[in-house]
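Input: a single structure, listed below in structure tokens.
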Amino acid sequence: MMQHTSVRTIVRSLACYVTLAFLCACQHAPTAAVPQAKATGAAIVESSGGHQVGSTGAALKEPIVVQVNDDKGTPLSGALVTFHGDGVTPDPAAMLTDSSGQATTTVTLGAIAGRYQLTASTPTASHPATATLVEIGLAYQERLGALLADKHCTRCHDPESSAERVSNYDNLAVKPHSFSDGSTLNKLSDADLFAIIQHGGPALSRSPLMPAYAGTLSASDVRALIAYTRSIADPPYQPAGTFYAHK
Amino acid sequence: MESPRKSKSSLWHALFGDPVRAFGVVSVVLLLALAVAPTKEHFSQWHRYQRQYLTEIHDRGDSISLRRRFSPGIHQIWLPELGVVDRCTTCHLGLNEASLSDVRQQPFRKHPVIPHKLEGFGCVICHGGQGAATTVAEAHRSERDGEMPILPTRFIEAGCGQCHQNALAGTPQLNLGRAMLTRYGCVHCHSILRPDGTKVAATDHPPSLVHVADKTTREWIYSWLKDPQAYAPSTTMPNYKLSDADASDISAYLISTSRPQAGDTATPDAKASASPDPAAGASLYGQSFCSSCHAVQNAAGNLVGGDVGPELTRIGNKVKPEWLLAWLNNPRVYDATTPMPHYRLTAPQLATLAGYMQGKTDTDYGANVHLTAATTQQVAHGKLLISTLGCAACHEINGVAKPENFAPELSSIGSKPRAQIVFLPGMERSLPSYITGKVRQPGAFGAGVKMPQFALTNAQTDALTTALLALTSRSRAIPDTLRVAYVPETAYQPAGHAGRLMTELACFSCHRINGRGGDMAPDLTAEGSSVQRQWLVDFLKNPNTLRPALIRRMPRFNLSDGESEVLTDYMLTVYQSPAIDQEMGLATTPDVIERGRQLYYSKYACQGCHIIDAKVDKGYIGPTLTSVGSRLTPAWIYEWLKNPEAVRAGTMQPNQNISDEDSQALAAFLSSLKGAASKGAKP
């Protein structure tokens, strides 16, 4: 009797493996029907929807729109466009361009904070043409940083005014940098950023126009601000220090 | 009949024929039985993941320390007071490993940074799922006996909302969803009890329809009922998808039962339509800062303005001229609890403003609505519809009582077992997708569903779903000590003449005082410690611009001298902070003032945000300080500089840890700034 049970357990767990393996394998191969192309284009370009900053696990606010053109550069309808990218879920993943040559999809980001690449491709006479869009996902910490930045910092750091808020940038004798300005901020270490945010410009021998925030923001708030600036840096931020290469 | 019995006995004989054989067989069976447990463990999912983890970290630079922190076997976080028995960390091995932040593969990812420690709360409190399970399927997806599967990442903020009953920085989706539950009228029909037993109260202000015929026409009501968003895209009124006949019958009932309101006809002696002057109207509309609360669509089709009051894009289509005049004259006559202030407008001002508003008319709107007089049956049918659809849950309506518990209670909707849900064909069979579907399109769940169609974006639907998913039975079981309780609005009401004035001016629509009121404008609880008397008297009469960058501003109410003084004296006496000592002595010698001036411009660089001399300074963020010495009291300036957050929570001004000495010097300098002629400005 016992013999039987253990054999059954082994068989059962084997069966589990197989189904699991199948399930895993299936997840990578979406089974949605791919529509039949009615036309073949020559190029694909982004119309809108790139460079959005969204929340991990959530759909981006704006839809992603790409346009397929023929060899004369005029928009082409009925061309097949497929969207794919690591960690992102486009819905729909494949479609034909509409009468104005455009294909629109909504994209849900994966659960990890960082950059996501979405590639839109369309077959052409020779090889498939592609357009690559970059989207940014913020997790809890980066989102908190974004909120804090919005409340305390962007009035000075962002030269753009919005309907709700007038920028103070033009009024500053020394100009701060936008938080997405990777070419400047990537050069500052986390420790330097921490110092200037907590103790103000003079901490890095810079202008006192940058106020000290140690009395206002907690250490974890400051870390959240740093995480936020790092995640939206353009060019992207590469942390210095040990790299663990995958073999 | 014979042979099977014979073969059975021969099998018995083969196995247990003699004692040695029997011993051997029994040993083998025993051995195999003993092997079951280790074999089972070896082939178990979690064991496989642990081996995979070791392979994964093998080649990493810090594999030695990673391996040192790894311990084989089942891991468990046990928190009896929370009812947590979480074994998730058996497979999720990298949750606390900072160096694994580049790993994308589950179950080895590092957990994103959050304000809680894993060891303090475990996993399922926030994520749902079955903590005690040791297989992926059971831990993540089990629904046995009403067990809740894992919450999709999209709605993860619902996890926070189980303990945190107030708005939380960092959970915008949950905050929005909760605000919508009270703003979109959900709680007029559905009752929702928070885990502490308090009832979620509505914050919208659906108009009473008792005197509706004074305000508008039957034709407008008809068009509105057919499609509220066609009149005002931003309205929270849902669409009931009424047939022409039903909309006509309801409008007939409302008009026929409406009672005239005394006062609506007692309009001032001005005629609204008499030669409206659009330019003067627009400037009065601007001066009165109507757009702080009301939105209007601009030429580009974007809504501009606040959302405290209704959108006014097509207000001319809606209201009768004489009602509008009476309303602008004193809104509290028609609606005693309106959030709208009673501006003291003169008769010519009223005519100008009303004429301007009346001009906001869309000639196409409702152009082809022609209703014939309704029969008694139609009116009766209108009444029947009103009671079946539950209109009186939100609006006061003559002859129809407010229904109690019109729709199902939602206090535990986040734990509704799947077995109790009727899914639509083709719909993902999960609670989140059911709630989203129901909020997005209630009509899809059958013609009998009374819930109307709301005009919501996907982000709004997700936010509402998040807020509803937070209402779990677990949230009720959490000990009070761990719950961040809901802080209700107080019922604070100032007394006397000043109290009456503050009600008439609807100060609480924008300002918060002693825990009651809006957040559009500064909290006034300690305003009396802050400002000087003459400044406040003048400001209330003619609010000038303190912060040029603000778009929403204090309107001019046209107060009389007497009213302004009554309010000022009340505020100066009652709204005092015990932390601010007005009697403190402040050295104001020229030396100290000069030192303050230097600190202002160099050490603390205050000019980055504030203007003293508009010719040289341009700082835009904080208020202008040109004459701050005649506005604020020196004691208040001193305390403020030392710790702004302690004086006014939530302020943007950073706490620069200014020493007592520096604060005194700065306060002395600022107090010396008495206006344009001041010598304090930068040379």
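Heavy atoms only: backbone and side chains are in, while hydrogens, waters and symmetry mates are out. In what follows, every chain begins at residue 1, and chains take the letters A, B, ... in the order their sequences are listed.
- Of the atoms belonging to P644(B), not a single heavy atom falls under 4.5 Å from chain A.
- Residue F155(B) does not touch chain A at all, counting heavy-atom pairs closer than 4.5 Å.
- Heavy atoms closer than 4.5 Å to chain B are found in the side chain of A139(A), but not in its backbone.
- Looking at T457(B), there are no atoms closer than 4.5 Å to chain A (heavy atoms on both sides), in backbone or side chain.
- Ranked by non-hydrogen atom pairs under 4.5 Å with chain B, the options K151(A), E142(A), H152(A) are led by K151(A).
- The residues R60(B) and D102(B) are annotated as salt-bridged, a charged nitrogen and a carboxylate oxygen being separated by less than 4.0 angstrom.
- Near-neighbour residues of residues 221-230 of chain A relative to chain B, defined by a heavy atom under 4.5 Å from a heavy atom of that chain, are none.
- Shortest non-hydrogen contact noted between T56(A) and G137(A) is CG2-C, 4.0 Å.
- Of the two parts of R109(B), only the side chain, counted from C-beta on, holds a non-hydrogen atom closer than 4.5 Å to a non-hydrogen atom of chain A.
- For the residue pair Q102(A) and S47(A), a side-chain donor N or O sits within less than 3.5 Å of a side-chain acceptor on the partner.
- Of the atoms belonging to K603(B), it is backbone heavy atoms, and not side-chain ones, that fall under 4.5 Å from chain A.
- Annotation: salt bridge (charged side-chain N to carboxylate O under 4.0 Å, His left out) contacts of K61(A) (sequence neighbours excluded): none.
- Smallest separation of non-hydrogen atoms from E56(B) and Q105(B): OE1-OE1, 3.3 Å.
- D181(A) and T184(A) share a side-chain donor-acceptor pair at under 3.5 Å.
- Interface summary for chain B: among L148(A), L144(A), V174(A), N168(A), the most heavy-atom pairs under 4.5 angstrom belong to N168(A).
- By the side chain to side chain contact (heavy atoms under 4.5 Å, CB included) test, C126(B) pairs with no residue at all, sequence neighbours left out.
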Show the atom names and distances, to 0.1 Å, of all donor-acceptor pairs under 3.5 Å that link a side chain in residues 196-210 of chain A to residues at least two apart or in another chain.
residue : atom : partner : partner atom : Å
S207(A) : OG   : L209(A) : N            : 2.9

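- With a 4.5 angstrom heavy-atom cutoff, S602(B) touches chain A only via backbone atoms.
- A donor-acceptor contact closer than 3.5 angstrom is absent between the side chains of D91(A) and T106(A).
- The pair R143(A)-E157(B) meets the salt-bridge criterion, since a charged nitrogen lies less than 4.0 angstrom from a carboxylate oxygen.
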